[in-house]
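Computed from a predicted structure; not experimentally measured. Every chain is numbered from 1, with letters handed out A, B, ... down the list of sequences.
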Amino acid sequence: MGVQMYNTLTKQKETFRPIEEGKVNMYVCGPTVYNYIHIGNARPAVVFDMIRRYLIYRGYDVQYVTNFTDVDDKIINAAQEAGEDVFALAEKFIDKFFEDTSALGVKRADIHPRVTETMDDIIAFIEALIEKGYAYESGGDVYFKTKSFPDYGKLSGQSTDDLQAGARIEVGEQKQDPLDFSLWKRAKEDEVSWDSPWGYGRPGWHIECSAMVKKYLGDTIDIHAGGQDLAFPHHENEVAQSEALTGQQMANYWLHNGYIQIDNEKMSKSLGNFVLVNELIREHDPQVIRFFILQAHYRHPLNFNSELVEASGAGLSRIRNFLENVRHRHRTSADFADGTEWLKKIQTFKGRFIHEMDDDFNSANAITVLFDFVKEGNLYLQEPHTSKEVLQEVMNTFEEWGEVLGLSFFAEEELLSEDIEDYIEQRVKAREHKNFQEADRIRDLLKEKGIVLEDTPQGTRWKRVSSL
RNA sequence: GGCGGCAUAGCCAAGUGGUAAGGCAGGGGUCUGCAAAACCCUUACGCCCCGGUUCAAAUCCGGGUGCCGCCUCCA
C-alpha cells in the first residue's frame, strides 16, 4: 500500500507516487523573519520535519527546501520601529529561527533560499508571465491577471465569482480587476528596493515561492506544504503563477497542517496571546513540546497551553524511564533467556509503527504503538531472566523511532563524579547492614543534587532529573 | 455571504460500518525496609442533538446546535 497522504488538491487521501522512483522533492513555506517564531510557526516546522524524516525512513531520497521571506512590509516596519537595518534584522531572526527550531529537533533543510538571493529569478519569472499575457505592469507595479488562469481556485475550492464579491482594491493600487494580485511592488521613498524592468521595487507576496520552487526543485514537485491558512490565497496564487508559466502541474501533493490555538482561540496580536518558542523552551523541555505537537494528528487543530504540555511531558517520561531501565538491565544482567519470541514481537511493533505512519503520517497513533511497546516491555523487565540481545534490539528500535519522530528517548550516557559514586556505594553497604536511616539520608542527599535512586533486583540504578 | 475544519471520559487524543486505542490526572491494590519505577484493577451502557439507511453507525445519509478558521499580512 505504501505511504498515504491527504492531498488538499483532491481533498482525499491518496497513495503517494513520487515523480521519480525513490525520490521526493518537497517544498515547505517558511517564515517571514521579522520576529522570534511562535508556537504556531513551530508546528509546521515540526510536523513537516517529521514527514521528511519518515519519508527518509521509508527509503526515499528527500530533497527538502524551505524559504525565508527576508524582505517584506512586516520586516521593513519592524526594522523601522527598532531603528535597525532591514537586512540586519532579517539576518538576526534567521539565526533565531535556526536556534529555536533546532531546539525542537527540526533538521535544517537541504536548501534555505532567501528572497534577497533569488531576485534575478523572481524578476525573470515575472517577465515571462508578462510575455505570456498573464501579467501586466501598471504604474511601476506588476499584477497577475487572475481571470486569465482558468483553474484559479482549484486548490482552495473557491470560485472567482464568490471571491469577486468580497474583493476590494486598496487605495493606491492600480489593478485592472480586484482579484488580480501583485507580483512586483513599486518602491516607496527611501525603501529598500531592487532594480527591475519596471523600475525600483520588490517582489509581491507570492512570487518568491513560485520562483524558488522552479529554481531549486523544478516545474512539478512531489510535495508542497504549509499552514492551513496559506492554502488561500498564498498557495492558490502560487499555483496560478507557476502553472500559467510552465503549463505543468506545480505540485502533485499539497499538505496543510492545522492551526495551533491558545485556549481554543487563534493566536493573534490583538488578543495578545502569542507564545514565542524562545520563551517556551525556558519553561519546558523542547523535546516535550515536540512530543506534544506530534501526539496530535498534524491536520487537526491543536489546543495549546502549559498544563497540556506538562501532561504530555509525563507521557514522554514514561517512555524515557522505560529505556533507562532497559539500559540498566542490559548493563547489569547476563544473557540468560531465549529471545526468539521477543525479537519477533519487536518486528510486529515495528510493522505497526509503519502502518500508522503510512496512514497520512499519523504520529499520534505511532506514539500509541510506542506506549504499547513500553507496557509490554516493562513486563519483560520484571522477568527474572532477560536476553541481552532483546534488550539491545529494544534500544535500537527506539533509537530508530526517535530518529523518525525527531525525539531523543535516551539520556546522555553520563559518568557520575566519584563522590556521588561513593555515596551510592555507601548506601548499598548501609542497606546490606539494614541501616535504613543512613540509606535514606544518602538518598535524600543525592536527590537534592538531582540524582534519583531506585532499588531493583539488579541493583540500585540512578537517573538524573531534569532541571526544567 | 462564499469556502473549510472541529464536536469522543475530569483533561488531551485516536478510531470513518462490526460492537469505544493510547496518554495524563483520580481511586483501589501488588511489589518495596520505606520509596521510586513498574504491574494489576477501576473511571464513556456510550461518541453534540433529532431523524433515516443497515443484521450492525462514533463512523454513512438528511436536518439542526455549538465552537474555530480562511476569504486582508498571518503557520
Side-chain angles (χ1 to χ4, degrees), chain A residues 8 11 13 28-32 34-35 37-48 69 72-74 77 153 156-159 161-168 170 181 205 225-234 236 256-261 264-269 274 291-292 295-297 299-305 307-319 321-322 324-325 328 356 359 362-372 374-382 431 434-437 439-440 443-444 447 452-457 460-463 465:
Chain A
T8 307
K11 292 170 182 57
K13 243 185 249 181
V28 180
C29 288
T32 301
Y34 69 108
N35 197 351
I37 61 164
H38 57 253
I39 185 68
N41 303 111
R43 189 174 193 191
V46 166
V47 300
F48 295 122
T69 302
D72 150 287
D73 285 337
K74 287 193 294 269
N77 292 339
S156 58
Q158 309 267 347
S159 75
D161 288 344
D162 295 332
L163 290 167
Q164 195 84 49
R168 268 196 326 213
E170 298 284 322
F181 57 90
W205 311 314
Q228 209 157 55
D229 56 318
L230 291 182
F232 190 90
H234 185 61
E236 194 69 62
H256 292 98
N257 68 275
Y259 252 80
I260 281 199
Q261 301 179 337
N264 291 315
E265 277 184 318
K266 180 184 175 174
M267 264 190 290
S268 74
K269 280 206 169 125
F274 263 85
F291 187 72
F292 171 77
Q295 263 194 300
H297 185 91
R299 283 194 288 116
H300 286 194
L302 176 59
N303 197 28
F304 183 93
N305 64 49
E307 290 72 45
L308 297 176
V309 172
E310 265 160 44
S312 211
L316 181 58
S317 296
R318 178 173 161 81
I319 296 172
N321 275 335
F322 167 65
E324 284 311 303
N325 298 346
H328 178 257
E356 297 299 349
D359 183 11
N362 197 332
S363 55
N365 278 352
I367 287 170
T368 292
V369 174
L370 268 59
F371 279 119
D372 288 347
V374 167
K375 184 105 168 183
E376 290 210 38
N378 273 321
L379 288 169
Y380 186 65
L381 287 178
Q382 287 183 356
R431 290 186 70 226
K434 305 250 185 277
N435 184 353
F436 295 121
Q437 208 177 353
D440 290 349
R443 188 168 61 193
D444 291 343
K447 193 175 179 184
V452 170
L453 299 185
E454 299 172 358
D455 302 318
T456 79
T460 297
R461 69 187 174 213
W462 61 271
K463 66 181 176 191
V465 288

Interatomic distance where CH2 belongs to A/Trp205 and C1' belongs to B/rA75 [whole Å]
18 Å
Donor-acceptor pair between A/Lys463 and A/Asn321 side chains, under 3.5 angstrom:
yes
Set of residues satisfying side-chain hydrogen bond (donor to acceptor under 3.5 Å, both in side chains) with respect to A/Thr368, sequence neighbours excluded:
none
Across the strands shown, which category fits A/His297 at heavy-atom distances under 4.0 angstrom: base, sugar-phosphate, nothing?
sugar-phosphate
For A/Asp455, the salt bridge (charged side-chain N to carboxylate O under 4.0 Å, His left out) test, sequence neighbours excluded, returns A/Arg427, A/Arg431
Strictly below 4.0 Å: does A/Asn362 bring a side-chain N or O up to OP1 or OP2 of B/rG15?
yes
Taking the same atom, P, in B/rU53 and in B/rA58, what whole-Å distance lies between them?
16 Å
Answer with base, sugar-phosphate or nothing: what part of the nucleic acid does A/Leu453 contact at a heavy-atom distance below 4.0 Å?
base
Quick one: label A/Asp440 by what it contacts on the DNA or RNA (base, sugar-phosphate, nothing), any heavy atom closer than 4.0 Å.
base
Taking the same atom, C1', in B/rC39 and in B/rG46, what whole-Å distance lies between them?
29 Å
Base versus backbone protein contacts along nucleotides 21-26 of chain B [heavy-atom cut-off under 4.0 Å; B, S, -]
BSSS--
Between B/rA13 atom P and A/Phe304 atom CZ, what is the distance in whole Å?
13 Å
salt_bridge(A/Asp440, A/Arg443) N-O dist < 4.0 Å
yes
Suppose we call a contact any N or O donor and acceptor under 3.5 Å apart; does that hold for the side chain of A/Arg443 and the base of B/rA35?
yes
What nucleotide among B/rA75, B/rC34, B/rC71 has an atom nearest to a side-chain atom of A/Asp455?
B/rC34
For A/Glu324, enumerate each residue passing the salt bridge (charged side-chain N to carboxylate O under 4.0 Å, His left out) test, keeping only those at least two apart in sequence or located in another chain.
A/Arg327
Output the single nucleotide from B/rA75, B/rC11, B/rC39 whose closest atom is nearest the side chain of A/Gln382.
B/rC39
Who passes salt bridge (charged side-chain N to carboxylate O under 4.0 Å, His left out) against A/Arg43, sequence neighbours left out?
none
Quote, to the nearest angstrom, the P distance that separates B/rC70 from B/rC11.
26 Å
In whole Å, I'd like the distance from the CG atom of A/Asp444 to the P atom of B/rA36.
12 Å
By side-chain hydrogen bond (donor to acceptor under 3.5 Å, both in side chains), which residues pair with A/Asp73, not counting sequence neighbours?
A/Lys185, A/Arg202
Set out, in order, the CA-CA distance, both residues' side-chain angles and the distance that settles salt bridge (Lys or Arg N to Asp or Glu O under 4.0 Å) for A/Asp372 and A/Lys375, then state yes or no.
CA-CA 5 Å; A/Asp372 288 347; A/Lys375 184 105 168 183; over 6 Å; no
Over 12 foreign heavy atoms within 6.0 Å of NZ, A/Lys434:
no
With a 4.0 Å cutoff (strictly under), does any side-chain N or O of A/Asn378 reach OP1 or OP2 of B/rC39?
yes
For RNA chain B, which ranges pair as stems of 3 or more consecutive Watson-Crick or G-U pairs, with both donor-acceptor distances under 3.5 Å?
B:1-7 with B:65-71, B:10-12 with B:22-24, B:26-30 with B:38-42, B:48-52 with B:60-64
Between C1' on B/rA38 and NZ on A/Lys463, what's the gap in Å once rounded to a whole number?
11 Å
Integer angstrom distance from the C1' of B/rA56 to that of B/rC24:
34 Å
Heavy atoms from C-beta onward define the side chain here; which of B/rC73, B/rG33, B/rC68 lies closest to that of A/Lys74?
B/rC73
Whole-Å P distance, B/rG17 and B/rA75:
36 Å
Distance, rounded to the nearest Å, where A/Leu379 contributes CG and B/rA37 contributes C1'
13 Å
Sequence neighbours excluded, which residues qualify as salt bridge (charged side-chain N to carboxylate O under 4.0 Å, His left out) partners of A/Glu376?
A/Lys345
Measuring from the side chain of A/Arg461 (C-beta onward, heavy atoms only), which nucleotide among B/rA13, B/rG69, B/rA37 has the closest atom?
B/rA37
Need one value for A/Ile260: base, sugar-phosphate or nothing, where a base atom within 4.0 Å counts as base even if backbone is also close, heavy atoms only.
base
A/Ser159: side-chain contact (heavy atoms from CB on, under 4.5 Å) partners, not counting sequence neighbours
A/Asp161, A/Asp162
Nearest-Å distance, CG (A/Asn257) to P (B/rG69)?
16 Å
B/rA37 and B/rC31, which share atom name C1', separated by this distance in whole Å
11 Å
Does a side-chain heavy-atom distance below 4.5 Å link A/Phe292 with A/Leu302?
yes
Let me spell it out: for each of A/Asn41 and A/Glu376, pick the nucleotide of RNA chain B with the closest heavy atom. Which residue's pick is nearer the 5' end?
A/Glu376
Using heavy-atom distances to pick each residue's nearest nucleotide on RNA chain B, tell me which of A/Glu454 and A/Arg43 is more 5'.
A/Glu454
With sequence neighbours left out, what residues match A/Tyr259 under ring-ring contact (aromatic ring centres under 6.0 Å, His included)?
none
ring-ring contact (aromatic ring centres under 6.0 Å, His included) against A/His38, all qualifying residues, sequence neighbours excluded
A/Phe274
Measure the distance from CG on A/Asn77 to P on B/rC74 and round it to the nearest whole Å.
14 Å
How far does the C1' atom of B/rC60 sit from the matching atom of B/rG15, given to the nearest Å?
16 Å
With a non-hydrogen cut-off below 4.0 angstrom, is A/Phe436 in contact with a base, only sugar-phosphate, or nothing?
base
A/Phe232, nearest nucleotide to its side chain (from B/rG33, B/rA38, B/rC71)
B/rC71
Show the distances under 3.5 angstrom between N or O atoms of the protein and N or O atoms of nucleotides 2-9 of chain B.
from	atom 1	to	atom 2	distance (Å)
B/rG2	O2'	A/Asp162	OD2	2.6
B/rG2	N2	A/Gln158	NE2	3.3
B/rC3	O2'	A/Ser156	O	3.2

In this structure, how many angstroms lie between the P atom of B/rC31 and the CG atom of A/Asn325, rounded?
20 Å
B/rU59 versus B/rU8 - spacing of their C1' atoms, nearest Å
11 Å
